[in-house]
**Q** 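Questions regarding the structure given below will be posed in turn.
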Amino acid sequence: MIHQHIIKSTIKAIDTLYGVVVEEKTVSVQKTRKEFTGDFTLVVFPFLKYSKKQPDTTAKEIGTFLSVEIPLIERFNIINGFLNLELKDAYWIQFLMTEGQNQSFGTPIIKNPITYVVEYSSPNTNKPLHLGHIRNNLLGQSVSEILAFSGHKVFRVNLVNDRGIHICKSMLAWQKWSHENQESDKGMKGDHLAGKYYVMFENEYRKQIEDLKNKGKSEDQAKEEAPLINEARELLRLWEDKDIATRSLWQKMNDMVFKGFDVTYEKLGISFDKTYYESETYLEGKKIVENGLKSGIFYQKPDNSVWIDLTTDGLDEKLLLRADGTSVYITQDLGTAFQRYDDYKADKYLYVVGNEQNYHFDILKQILLKLKSPVAGNLFHLSYGMVELPDGKMKSREGKVVDADDLIEEMFFTAKKQTESLGKIEGFSENEANALFHKLSMGALKYFILKVDPKKNMVFNPEESIDFNGNTGPFIQYAYVRIMSIVRKTENTEISKSYDFSKLNMNHNEKSLLKLIYSFPEIIQDAAETLSPALLANYLYDLAKEFNQYYHECPIIKEAQVEKAALRLHISVFCAGILKKGMALLGIEMPDKM
RNA sequence: GGUCCCGUAGCUCAGUUGGAUAGAGCAACAGCCUUCUAAGCUGUGGGUCAUUGGUUCGAAUCCAAUCGGGAUCACCA
């Protein structure tokens with residue numbers, strides 16, 4: 001690419017002119033800003049110490065050298081020590097002709113493709129998915145797509161937290177109260193049903209705590225002594241003992257929850273290569289703890305609980321196994337890490353998990369390190385920020401959550417209403433219309449979430465997120481649809497043919513659009529390296545915006561000169577390909593009409 | 001209190017391997033549809049880049065301190 005060429009030639013220029021070989025990273029070549037003339041800009045300040053001349057003089061010397069070295073440079077100008085290089089139109093036309101048809105344009109040439117295992121979603125089986133899970137799923141899915149497109153081998157895995165006291169709470173509530181609720185439970189989605197009983201447990205449990213406190217118990221005592229929590233603990237113990245009745249209830253509730261999850265995943269377009277269950281991996285974890293105990297990495301307290309001391313590593317002591325032998329969260333995660341290594345022997349293990357678990361992952365990594373697991377050095381916690389509501393945090397205990405299914409449904413109806421009121425679905429069959437509403441609503445939701453830097457907390461405003469104007473998914477979809485419409489209209493006309501464009505001149509809009517397309521591979525590479533779909537999302541918005549200006553300024557069908565029209569059509573089609581590819585990497589589908 | 005993350009326009013966000021006069025969208029106001037789909041385009045107003053100091057040719061970007069917000073420091077997962 002020309003960008004690299006300019007850097008190499010600049011190094012040569014400094015060597016030839018001033019006798020110093022500079023490192024590549026000191027050469028800063030960037031895209032020329034819109035308000036100046038040129039395609040690429042070289043910052044000359046770093047070279048002044050070698051030239052011992054004024055910025056403008058130095059820039060002129062380097063510019064003159066580069067013009068000879070790189071014939072594609074048409075001319076250059078210098079403003080305040082910035083050397084703006086202007087390329088010949090022929091270069092951009094050549095770029096269009098060679099890459100415009102190239103299906104793999106944008107796929108970075110990776111020197112060492114590696115294998116990734118990406119874990120995301122990780123739902124609990126005691127409640128339905130909410131907005132936080134949506135961010136998790138979308139990030140995991142998109143990062144996987146981007147890595148795979150970059151040439152890496154990617155395995156997507158889910159880890160279901162289907163074991164633990166929280167599950168027992170739902171189960172207990174179900175045992176106690178489901179027969180009274182048969183009417184209202186009818187037809188309810190399985191995950192919502194489990195969630196309903198979990199909330200029921202929490203409410204009753206809180207009542208018992210209040211009662212005990214009124215009888216003079218302290219808060220902590222009350223929480224310990226409430227009959228319900230002890231029944232739940234007993235259930236957990238029975239579960240770990242593989243009690244048949246308990247296991248069968250557990251299985252029954254899980255099945256119905258998974259069915260519910262599948263519906264939500266289907267709507268969101270989320271999929272996995274493999275699903276791990278904590279109920280299976282925790283046993284592996286227990287074995288690892290036992291082995292670690294034998295080899296002295298872990299130690300036992302008088303009550304028989306097992307611990308690791310990480311104080312010398314800047315962390316704390318951490319419990320690995322309770323006194324009664326039951327396992328905790330980290331026990332299971334150790335098992336999962338080992339099992340995952342056995343299954344994949346991957347080079348990198350990504351865990352898409354919220355930033356409230358940063359500390360947990362520090363600990364996990366340290367323990368794996370001490371156990372000399374090959375996973376330790378290659379574990380990467382893709383930590384993302386919380387999703388907040390305009391009036392504060394989401395709190396599941398207070399019922400202040402945005403349910404995933406409700407949100408998806410609401411988005412769908414907004415898309416429908418909006419599209420119908422704009423009169424956009426004339427000639428659509430009902431199926432086509434519904435497919436469109438789905439693409440638009442999911443496009444809006446996914447883009448809204450993915451455009452934000454993963455590590456930042458974000459505010460989810462339900463009213464704004466369903467807006468389809470401005471910096472939104474549908475805005476980008478609309479730019480694509482406009483191109484598709486032109487393509488349909490020019491099919492089998494003179495305009496759709498290819499000509500020798502090399503003698504044509506390009507105007508500002510045409511060149512701008514091509515230049516932006518040119519930077520697509522760079523964006524992909526950055527997004528893959530930084531694991532940030534947001535970079536790609538914002539780029540695609542810029543590209544759509546640039547296209548909309550181009551669309552306005554550069555008519556195709558009305559253009560009298562056929563070659564010019566054909567050139568513009570080629571650029572548009574190239575742009576459409578990037579938009580579609582890029583959005584696919586975000587998990588967003590493009591409609592052909594809207 | 002310890003550790004980590006964040007602070008950019010009224011609101012939601014870009015921009016952070018140091019580069020030119022800090023950008024979008026929403027909201028407000030004013031234009032553009034007999035002309036490829038107006039879910040679009042053009043324009044106006046709106047900024048102490050939290051504060052202070054440092055590093056240097058140059059700082060929203062790097063460093064330090066301070067102030068605000070969040071997370072975490074569970075025998076919950």
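Heavy-atom basis, side chains included; hydrogens, waters and symmetry copies ignored. In what follows, chains are A, B, ... by sequence order, proteins preceding strands, each numbered from 1.
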**Q** With the 90 degree cut-off around zero defining syn, does B:C63 come out syn or anti?
**A** anti

**Q** Check the side chains of A:S383 and A:N358 for a donor-acceptor pair under 3.5 angstrom, ignoring hydrogens and angles.
**A**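 Yes, A:S383 and A:N358 have a side-chain donor paired with an acceptor closer than 3.5 Å.
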
**Q** With a 4.0 Å cutoff (strictly under), does any side-chain N or O of A:Y478 reach OP1 or OP2 of B:A39?
**A** yes

**Q** Could you check whether A:S122 and A:E119, counting side-chain N and O atoms only, form a donor-acceptor pair closer than 3.5 Å?
**A**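 Result is yes, a qualifying pair exists.
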
**Q** Establish, with yes or no, whether the OP1 or OP2 oxygen of B:U37 is under 4.0 angstrom from a side-chain nitrogen or oxygen of A:K424.
**A**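 Negative; the distance criterion is not met.
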
**Q** Run through RNA chain B and report every stem of 3 or more consecutive Watson-Crick or G-U pairs, distances under 3.5 Å, ordered by first number.
**A** B:1-7 with B:67-73, B:10-13 with B:23-26, B:28-32 with B:40-44, B:50-54 with B:62-66

**Q** Check the phosphate of B:A77 against A:Q332, side-chain N and O only, distance under 4.0 Å to OP1 or OP2. Yes or no?
**A** no

**Q** How about A:Y198 and A:F201: are their ring centres within less than 6.0 Å of each other?
**A**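 For A:Y198 and A:F201, the ring centres are not under 6.0 Å apart.
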
**Q** So, A:N548 versus A:Y478: side-chain donor-acceptor pair below 3.5 Å or not?
**A** no

**Q** All N/O contacts under 3.5 Å from nucleotides 60-63 of chain B to the protein, with atom names and distances to one decimal?
**A**
none

**Q** All N/O contacts under 3.5 Å from nucleotides 17-20 of chain B to the protein, with atom names and distances to one decimal?
**A**
unit_1, atom_1, unit_2, atom_2, d
B:A20, OP2, A:R33, NH1, 2.6
B:A20, N6, A:T41, OG1, 3.0
B:A20, N6, A:N84, OD1, 3.2
B:A20, N1, A:N84, OD1, 3.4

**Q** Can you pull the salt bridge (Lys or Arg N to Asp or Glu O under 4.0 Å) pairs that have at least one residue in residues 41-60 of chain A, sequence neighbours excluded?
**A**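 Of all non-adjacent pairs touching residues 41-60 of chain A, those that pass salt bridge (Lys or Arg N to Asp or Glu O under 4.0 Å) are A:K53-A:E61.
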
**Q** Taking only residues two or more places apart in sequence or in another chain, which ones pass side chain to side chain donor-acceptor pair (under 3.5 Å) with A:D592?
**A**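 Expected list: none.
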
**Q** Can you list every pair that meets salt bridge (Lys or Arg N to Asp or Glu O under 4.0 Å) and has a residue in residues 321-333 of chain A, with sequence neighbours left out?
**A** none

**Q** Quantified in whole Å, what is the C1' atom distance between nucleotide B:G58 and nucleotide B:G40?
**A**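 To the nearest whole Å, 40 Å.
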
**Q** Please tabulate, one pair per line, each protein N/O and nucleotide N/O from nucleotides 25-27 of chain B that are separated by under 3.5 Å, including the distance.
**A**
unit_1, atom_1, unit_2, atom_2, d
B:G25, OP1, A:K545, NZ, 3.2
B:G25, O2', A:N471, N, 3.3

**Q** We want to know whether A:D162 and A:T125 form a side-chain donor-acceptor pair, criterion being a heavy-atom distance below 3.5 angstrom.
**A**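 No, because no side-chain N or O of A:D162 sits under 3.5 Å from a partner of the opposite role on A:T125.
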
**Q** Regarding A:I167, tell me which of base, sugar-phosphate or nothing describes its non-hydrogen contacts under 4.0 Å with the strands shown.
**A**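 The answer is nothing, as A:I167 stays clear of every strand by at least 4.0 Å.
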
**Q** Rounding to an integer number of angstrom, what distance separates B:U17 and B:U21 when you compare their C1' atoms?
**A**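 It works out to 24 Å between them.
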
**Q** Strictly under 6.0 Å, is that where the ring centroids of A:Y541 and A:F475 end up?
**A** yes

**Q** Using a strict heavy-atom distance below 4.0 Å, which residues from residues 452-461 of chain A are in contact with RNA chain B?
**A** A:V452, A:D453, A:K455, A:K456, A:N457, A:M458, A:V459

**Q** Hey, can you pull the residues of residues 481-497 of chain A with a non-hydrogen atom under 4.0 angstrom from RNA chain B?
**A** A:V481, A:R482, A:S485, A:I486, A:K489

**Q** Quick one: are A:L516 and A:Y539 in side-chain contact, heavy atoms under 4.5 Å?
**A**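 Answer yes - side chains close enough.
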
**Q** Sorted by first residue and then second, give each salt bridge (Lys or Arg N to Asp or Glu O under 4.0 Å) pair with at least one member in residues 466-477 of chain A; sequence neighbours left out.
**A** none

**Q** Centres of the A:F258 and A:Y277 rings: under 6.0 Å?
**A** yes

**Q** Taking the side chain of A:N548 as its heavy atoms from C-beta onward, which of B:C41, B:U37, B:C4 lies nearest to it?
**A** B:C41

**Q** For residues 452-461 of chain A, run the donor-acceptor check on the side chains, cut-off 3.5 Å, and write out each pair with its distance to 0.1 Å, sequence neighbours left out.
**A**
unit_1, atom_1, unit_2, atom_2, d
A:D453, OD1, A:K455, N, 3.3
A:N457, OD1, A:M386, N, 3.0
A:N457, ND2, A:E388, OE2, 3.4
A:N461, OD1, A:E463, N, 3.0

**Q** Holding to side chain to side chain contact (heavy atoms under 4.5 Å, CB included), I want the full list of residues that pass it with A:L310, two or more places apart in sequence or in another chain.
**A** A:I308, A:D313, A:L315, A:I363, A:Q366, A:I367, A:K370

**Q** Any donor-acceptor pair under 3.5 Å linking the side-chain atoms of A:T336 with those of A:Q332?
**A**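 A pair is found: one side chain offers a donor N or O, the other an acceptor, under 3.5 Å apart.
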
**Q** Decide if the gap between the ring center of A:Y18 and the ring center of A:F47 is smaller than 6.0 angstrom.
**A** no

**Q** How long is the gap from OH on A:Y384 to OH on A:Y120, to the nearest 0.5 Å?
**A** 13.0 Å

**Q** Considering heavy-atom distances to RNA chain B, does A:I165 or A:F468 have its closest nucleotide positioned more toward the 5' end?
**A**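 Going by which nucleotide is closer to the 5' end, it is A:F468.
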
**Q** Taking the ring centre of each residue, are A:F82 and A:F45 less than 6.0 Å apart?
**A** yes

**Q** Has the side chain of A:D303 got a donor or acceptor that lies under 3.5 Å from a partner of the other kind on the base of B:C75?
**A** yes

**Q** Taking the minimum atom-to-atom distance to the side chain of A:E278, which one of B:C75, B:C36, B:A77 wins?
**A** B:A77

